[in-house]
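Below you'll find the structure, written out as structure tokens, and then a few comments.
The basis for the numbers below is simple: all heavy atoms, side chains too, and nothing from hydrogens, waters or symmetry mates. Small disclaimer: the values here were computed from a predicted structure and weren't measured. In the text below, chain A, chain B and the rest are named by the order of the sequence lines, each starting its count at 1.
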Amino acid sequence: MDTPLDPDHCYPALLARDARFDGVWFVAVRTTGVYCRPICRVRPPKRENCRFFPTAALAEAAHFRPCLKCRPELAPLARRWSAMDATDVLAREAVRWLDECSPEMATLPALAAHLGVSERHVRRVFTAVHGVGPLQYLQTRRLLLAKQLLTDTAMPVSEVALASGFGSLRRFNASFADHYRLKPSALRRTSQEATAAAPDTVELRLDLRPPLLGRALLQFLVARAVPGVEQVDVEAMTVLRSVRLSRPGAEDLLGWVQIHLPPDDTERAQVRARLSASLWPAIATLMPRLRRWLDLDADPAAIAAALGDELGGPATGLRLPGTIDRFELAIRAVLGQQVTVAAARTLATRLITRFGERLPPALGAPDGITHAFPPPERLAAATVDDIASLGLPARRAQALITLVQRWPTLAYAQGRGEVTAAIAELVELPGLGPWTAHYMLMRGWSWPDAFPPADVVLKQRMEQRADRALKPSEVAAAAQAFAPYRSYAVLQLWREAAQATSARSARSASGRDAGHKVKHTVKRTIKHMVQRTEESTVKGKAPHASPVATRRTTDPKRRARSAPRPPGAAS
DNA sequence: ACACTAATTTG
DNA sequence: AGATTAGCCTA
């Protein structure tokens with residue numbers, strides 16, 4: 001259960017509008033019946049009129065309605081990874097399942113069946129951890145999503161009701177009026193010319209805890225962007241990609257999403273997400289995934305503190321790129337084994353061409369977005385030879401096939417259980433080593449505390465910081481200092497390495513270096529850029545770069561950094 | 001600088 | 001319910 005909120009602690013934070021607590025708790029004001037985020041820019045309520053709640057659902061259960069100004073539905077979520085016992089894990093899984101499943105499926109019996117425990121137990125555990133029952137949580141979430149859609153989009157009210165997960169317009173109207181003391185149309189009176197231009201898309205807003213280093217996030221994504229599926233424009237600060245959504249109890253949906261990140265120095269940063277109309281029925285599922293993809297729930301201040309001044313300073317606001325589709329990420333992690341980022345992208349491109357699903361023209365996808373990543377069923381039909389023909393060694397093709405076949409049963413795939421168990425299960429798979437497992441958890445689960453073992457770049461950067469050679473065990477020990485946010489240290493160290501490399505290659509390109517120095521530079525460059533993983537079989541081979549991978553390294557990646565965007569890149 | 005919105009307080 | 005306050009938008 002959440003620790004009770006201490007007004008002595010919360011009230012000053014409220015007066016200070018401390019963003020660190022945004023989404024961590026809400027303040028409800030007795031005299032008005034409204035609850036707000038701590039950052040709300042309204043006249044501060046008197047202390048004796050305040051009540052503090054750890055979640056929006058609890059505030060609503062106490063009959064408060066959300067503020068129309070600070071919009072609690074946009075708030076970043078509170079994250080809890082540490083101190084998880086079995087009860088916490090079960091409650092977390094329950095929330096994720098409720099978030100992701102289709103409305104018809106969202107019943108207590110179905111939830112209990114999914115979790116493999118009795119209904120009574122689900123209810124007890126859920127209430128103990130979240131303070132409200134599963135259905136009340138769901139109700140709150142639906143109402144808040146409806147509120148957002150009414151405010152941000154021109155979507156017809158009947159569509160809003162369905163997209164938010166209500167069974168009928170009538171029940172939606174009744175529920176909305178009941179809880180919020182407002183008619184749905186009351187949120188609609190603002191002018192909607194903005195969306196009139198593109199009636200078959202909706203644009204949503206997502207809030208976060210500033211700062212956001214959007215450029216760094218885009219640079220990570222652009223290096224891995226697969227043509228036809230993803231299009232990143234670092235200058236315009238946009239990401240465009242196709243989306244496949246699979247939900248328990250419903251058919252897959254295809255569509256696309258365009259993300260617009262705010263400039264890095266924006267004070268009140270807000271991300272915008274434009275969605276194709278095809279995705280409306282699954283907005284509830286998509287929103288949390290978008291948040292995890294871009295790591296909008298991160299708490300930069302806490303991360304920077306854990307990383308220390310030297311590393312945490314430059315990393316303040318750095319995000320851990322996650323994924324919308326954990327299956328896609330898993331496959332691409334295997335494709336990326338033992339090869340450079342650029343080579344992995346080439347392989348992924350071939351995979352898309354061969355197995356991807358062409359987007360129907362009716363989706364109205366912007367130019368350049370042509371395919372969706374194949375679902376597990378589709379790849380399950382492939383043979384080892386099919387996969388190997390993409391340019392993978394037979395061994396790795398086999399590893400990929402095994403992963404696909406085991407996918408439906410993996411705890412990792414379902415986001416079930418604890419990190420250590422998920423890693424253990426993944427490492428059991430042939431051809432999948434600890435580096436890949438860590439990487440998969442780091443991005444697929446948004447696990448903040450990964451530190452991929454035996455990573456060459458990480459070892460070098462850690463040695464440089466320690467100013468001496470380190471054994472692998474010493475690297476791991478030194479990384480303990482960054483817990484529980486080692487993933488962010490990883491990102492920052494990778495980033496430093498990439499920046500050092502581009503600085504060196506820029507210097508050598510300008511021809512100011514002496515000959516022997518240039519040679520040295522090139523060698524270092526290659527070492528830094530070969531971001532590979534040991535193909536850790538169970539036998540455990542030492543990592544080494546193949547000459548082929550090494551030669552490919554410098555060239556394509558440098559080109560990728562300054563690649564002009566194709567014409568017609570929508571923005 | 002100004003009109004406007006939404007919340008909070010006051011009576 | 002009316003008055004006040006803070007912040008936002010538009011001019």
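The span of DNA chain C lying next to chain A, judged by atoms under 4.0 Å from heavy atoms, is bounded 5' to 3' by C:dT4 to C:dC8.
Partners of A:Tyr11 according to the ring pair (Phe, Tyr, Trp, His ring centres under 6.0 Å) rule, which considers only residues two or more places apart in sequence or in another chain, do not exist here. Take A:Phe451 and apply the ring pair (Phe, Tyr, Trp, His ring centres under 6.0 Å) test, not counting sequence neighbours, and it matches no residue. Checked against side-chain contact (heavy atoms from CB on, under 4.5 Å), A:Leu169 has the following partners two or more places apart in sequence or in another chain: A:Val157, A:Ser158, A:Ala161, A:Phe172, A:Asn173.
Residue A:Arg181 qualifies as enclosed at atom CZ: its count of foreign heavy atoms under 6.0 Å is above 12.
A:Asn49 has no side-chain polar atom (N or O) that falls below the 4.0 Å cut-off from OP1 or OP2 of B:dT8.
If you check the side chains of A:Gln139 and A:Ser175, you find a donor sitting under 3.5 Å from an acceptor.
Taking the centre and axis of the six-membered ring of A:Trp81, the NZ or CZ atom of A:Arg92 falls inside the cone set by 45° and 6.0 Å.
Applying a 4.0 Å cut-off to non-hydrogen atoms, the residues of residues 30-43 of chain A that approach DNA chain B are A:Thr31, A:Thr32, A:Val34, A:Val42, A:Arg43, listed by residue number. Interface residues of residues 9-28 of chain A facing DNA chain B, ordered by number: none; criterion, heavy-atom separation under 4.0 Å.
Base-pair partner of B:dA1: C:dT10 (Watson-Crick or G-U wobble, both distances under 3.5 Å). Searching all strands for a Watson-Crick or G-U wobble partner of B:dT10 with both distances below 3.5 Å returns C:dA1.
Residue side chain A:Lys46 does not reach the base of B:dT8 through any donor-acceptor N/O pair under 3.5 Å, judged by distance alone.
A 4.5 Å side-chain heavy-atom check between A:Leu204 and A:Ile283 finds at least one atom pair inside the cut-off. Proximity of A:Glu60 to A:Tyr137: side-chain heavy atoms (C-beta onward) are nowhere separated by under 4.5 Å.
Taking the six-membered ring for Trp and thresholds of 30 and 60 degrees, A:Trp494 and A:Phe220 have nearly parallel ring planes, at less than 30 degrees apart.
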